[in-house]
Amino acid sequence: MVQNQEQNQKTVVITGASSGVGLYAAKALTKRGWHVVMACRNLEKAEKAAQSVGMPAGSYTIMHIDLGSLASVRQFVNSFRASGKSLDALVCNAAVYMPLLKEPLRSPEGYELSVATNHFGHFLLCNLLLEDLQKSPAPDKRLVILGTVTANSKELGGKIPIPAPADLGDLKGLEAGFKAPISMIDGKKFKPGKAYKDSKLCNMITVRELHRRYHDSTGIVFSSIYPGCVADTPLFRNSYPLFQKVFPWFQKNITGGYVSQELAGERVAQVVADPQFKKSGVHWSWGNRQKQGRQSFVQELSEKATDDKKAERMWELSAKLVGIA
């Protein structure tokens, strides 16, 4: 009986599941009976985090991945396959945000680190695990990538010009190989906050391209999600200390956009597991102002995210830079 239960149990891989939204999404999915593979850089931190939120022993497996290293992503895929687990869902949640940098940090491959981690690492992971998702016996397979309001200029948060709105330009940075001295996708001067926004814009474009290329042939449901403003998430740990104190207060009391890490994690779990989220190629949101009983809806994306010609070129260049073209 136990063996049959294990065989029927769905498995989800969640990147960056050792804290914040990823951790609480993992908790919510274990409560739904899923087995969660917590794909994290720090295995000890992930174990302590899982215990701290009460995830039962046996409901999760911790595996190492560093999204900033393409070699690490490939090693993770090999290790996951060696585990013999089926893959029923993939959640690309991990992200780095380093707004105070004066000069870009570089990945082992020489790419600017926020784009390397948030976009290239997940882009490679998605492409490598597509085969595993397709092989899953589950009738409802899903791939979910977390986006952000700050990369969608159809929304107020995406129009804020500090440090600059998300904009991939003509992809000149990618065209030129994206190595030093180049540090921005558009090939312009390094702006760390914009680098983060650009990487998240790439995430949302990636979902649309995955849908266009693979949904009809695989049946996999591809979607992105903005679960609300999680103003106290560890994502902001590299911001000014004052910002870390003021921003949650501002979102709670002024904008009304604040969402707890636990609620955001629950919303991610809904997009992964619940029947009403079976629509592919869309961006799910709960809006910028939170109210009791707030329901999800499909959020319109900007022309920067829906330019099919540029999306196809971004895909081709990214595939070349991560070594799968």
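Since the structure is predicted, the reported quantities are computational estimates derived from the model, not experimental observations.
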Participant: When rounded to the nearest 0.5 angstrom, what distance separates CD1 in I14 from SG in C92?
Facilitator: 10.5 Å
Participant: Under 6.0 Å between ring centres: does that hold for W286 and F297?
Facilitator: no
Participant: Report the relative orientation of the aromatic rings in Y111 and F178; use parallel for angles under 30°, tilted for 30 to 60°, perpendicular for over 60°.
Facilitator: tilted
Participant: Please report the interatomic distance CG(D198) to CG(L174), rounded to the nearest 0.5 Å.
Facilitator: 9.5 Å
Participant: Any chance you could measure H211, atom NE2, to T206, atom OG1, to the nearest 0.5 Å?
Facilitator: 14.5 Å
Participant: So M38 and M55, do their side chains get closer than 4.5 Å, heavy atoms only?
Facilitator: yes
Participant: Is it true that S223 and H283 share a donor-acceptor pair across their side chains at a distance under 3.5 Å?
Facilitator: no
Participant: State whether the side chain of N93 and the backbone N or O of G16 hold a donor-acceptor pair below 3.5 Å, judged by distance alone.
Facilitator: yes
Participant: Within the 4.5 Å heavy-atom criterion, are R74 and L128 side-chain neighbours or not?
Facilitator: yes
Participant: Considering all heavy atoms of both residues, which atom of E112 and which atom of P104 are nearest to each other, and what is their separation?
Facilitator: CG-CB, 4.0 Å
Participant: Is there a salt bridge (Lys or Arg N to Asp or Glu O under 4.0 Å) between E262 and K27? Walk through the geometry before answering.
Facilitator: CA-CA 9 Å; E262 189 159 14; K27 176 184 177 181; 3.4 Å; yes
Participant: With hydrophobic residues grouped by side-chain heavy-atom distances under 4.5 Å, do L43 and V36 end up in a single group?
Facilitator: yes
Participant: With side chains defined as the heavy atoms from C-beta onward, is the minimum distance between S260 and L263 less than 4.5 Å?
Facilitator: yes
Participant: Are V144 and Y60 co-members of a hydrophobic cluster defined by side-chain heavy atoms under 4.5 Å apart?
Facilitator: yes
Participant: Determine whether M204 and V282 fall in the same hydrophobic cluster, where Ile, Leu, Val, Met, Phe, Trp and Tyr are linked whenever their side-chain heavy atoms lie under 4.5 Å apart.
Facilitator: no
Participant: Would you name the heavy atoms of G193 and Y97 that are closest together and state the gap between them?
Facilitator: CA-CE1, 4.2 Å
Participant: Using every non-hydrogen atom in the two residues, find where A71 and E109 come nearest and quote the distance to one decimal.
Facilitator: N-OE2, 3.7 Å
Participant: Please check if any side-chain donor atom of N118 sits under 3.5 Å from a side-chain acceptor atom of S199, or the reverse.
Facilitator: yes
Participant: Search all heavy atoms of Y226 against all heavy atoms of T148 and return the closest pair with its distance.
Facilitator: CD1-CA, 3.9 Å
Participant: Side chains of V13 and L87, heavy atoms from C-beta outward: is any pair under 4.5 Å?
Facilitator: yes
Participant: D308 and R208: which non-hydrogen atoms are nearest, and at how many Å?
Facilitator: OD1-NH1, 3.3 Å
Participant: Is there a path of hydrophobic side-chain contacts, each under 4.5 Å between heavy atoms of I, L, V, M, F, W or Y residues, that connects V115 with V207?
Facilitator: yes
Participant: For the residue pair S318 / H119, report whether a side-chain donor-acceptor contact shorter than 3.5 Å exists.
Facilitator: yes
Participant: Determine whether E131 and K135 satisfy the following criterion, salt bridge (Lys or Arg N to Asp or Glu O under 4.0 Å), listing intermediate values before the conclusion.
Facilitator: CA-CA 6 Å; E131 178 184 346; K135 287 179 179 178; 3.1 Å; yes
Participant: Is T11 close to W34 at the side-chain level, that is, under 4.5 Å between some pair of heavy atoms?
Facilitator: no
Participant: Drop me the distance from S114's OG to K194's NZ, to the nearest 0.5 angstrom.
Facilitator: 10.5 Å
Participant: Hey, is the main chain of A46 close enough, under 3.5 Å, to the side chain of S18 for a donor-acceptor pair?
Facilitator: no
Participant: Minimum heavy-atom separation for M314 and L171, please, with both atom names.
Facilitator: N-CD1, 3.8 Å
Participant: Does the side chain of S86 come within less than 4.5 Å of D88's, by heavy atoms?
Facilitator: yes
Participant: With a 6.0 Å cut-off on ring centres, are W284 and F277 close enough?
Facilitator: yes
Participant: Would you please test T61 and H35 for side chain to side chain contact (heavy atoms under 4.5 Å, CB included) and show each step?
Facilitator: CA-CA 8 Å; T61 300; H35 185 86; 2.7 Å; yes
Participant: Given side chains that start at C-beta, do those of I145 and H122 come closer than 4.5 Å, heavy atoms only?
Facilitator: no
Participant: Please, which pairs that meet salt bridge (charged side-chain N to carboxylate O under 4.0 Å, His left out) have at least one residue in residues 268-287, sequence neighbours excluded?
Facilitator: R32-D274
Participant: Please evaluate residues K85 and F80 with respect to the criterion side chain to side chain contact (heavy atoms under 4.5 Å, CB included), reporting the C-alpha separation (whole Å), side-chain torsions for both, the decisive distance (0.1 Å), and the verdict.
Facilitator: CA-CA 7 Å; K85 298 181 185 299; F80 177 79; 4.1 Å; yes
Participant: If you measure from CD1 on I220 to OG on S280, what distance do you get to the nearest 0.5 Å?
Facilitator: 9.0 Å
Participant: Tell me whether S59 contacts the main-chain N or O of P56 through its side chain, where contact means a donor paired with an acceptor under 3.5 Å.
Facilitator: yes
Participant: Could you go through D140 and R142, starting from their C-alpha distance and side-chain angles, then the distance that decides it, and tell me whether this counts as salt bridge (Lys or Arg N to Asp or Glu O under 4.0 Å)?
Facilitator: CA-CA 7 Å; D140 185 9; R142 301 186 192 179; 2.6 Å; yes
Participant: Over 60° means perpendicular and under 30° means parallel, so tell me whether Y214 and W315 are parallel, tilted or perpendicular.
Facilitator: tilted
Participant: Is it the case that the side chain of Q9 and the backbone of G33 share a donor-acceptor pair, with hydrogens and angles ignored and the cut-off at 3.5 Å?
Facilitator: yes
Participant: Using a 4.5 Å cut-off on heavy atoms from C-beta on, say whether the side chain of L130 contacts that of D132.
Facilitator: no
Participant: Taking F123's backbone N and O only, do any of them form a donor-acceptor pair with N127's side chain (distance below 3.5 Å, no angle check)?
Facilitator: yes
Participant: For the pair E209 and E312, evaluate side chain to side chain contact (heavy atoms under 4.5 Å, CB included) and give the outcome as yes or no after the intermediate values.
Facilitator: CA-CA 7 Å; E209 273 294 286; E312 186 171 3; 4.3 Å; yes
Participant: Do Y196 and L201 belong to the same hydrophobic cluster, where Ile, Leu, Val, Met, Phe, Trp and Tyr are linked whenever their side-chain heavy atoms lie under 4.5 Å apart, directly or via other members?
Facilitator: no
Participant: Checking the side chain of K188 only, and the main-chain atoms of S183 only, is there a donor and an acceptor separated by less than 3.5 Å?
Facilitator: no
Participant: Mind checking the CE-CD spacing from M63 to Q75? Nearest 0.5 Å is all I need.
Facilitator: 8.5 Å
Participant: Return yes when atom CD of Q276 has more than 12 non-hydrogen atoms of other residues, nucleotides or ligands closer than 6.0 Å, and no otherwise.
Facilitator: yes
Participant: Run the side chain to side chain contact (heavy atoms under 4.5 Å, CB included) check on L146 and V91 step by step: do they pass?
Facilitator: CA-CA 8 Å; L146 271 75; V91 178; 4.0 Å; yes
Participant: Might you work through the salt bridge (Lys or Arg N to Asp or Glu O under 4.0 Å) test for K172 and D186, ending with a clear yes or no?
Facilitator: CA-CA 5 Å; K172 289 182 179 178; D186 60 10; over 6 Å; no
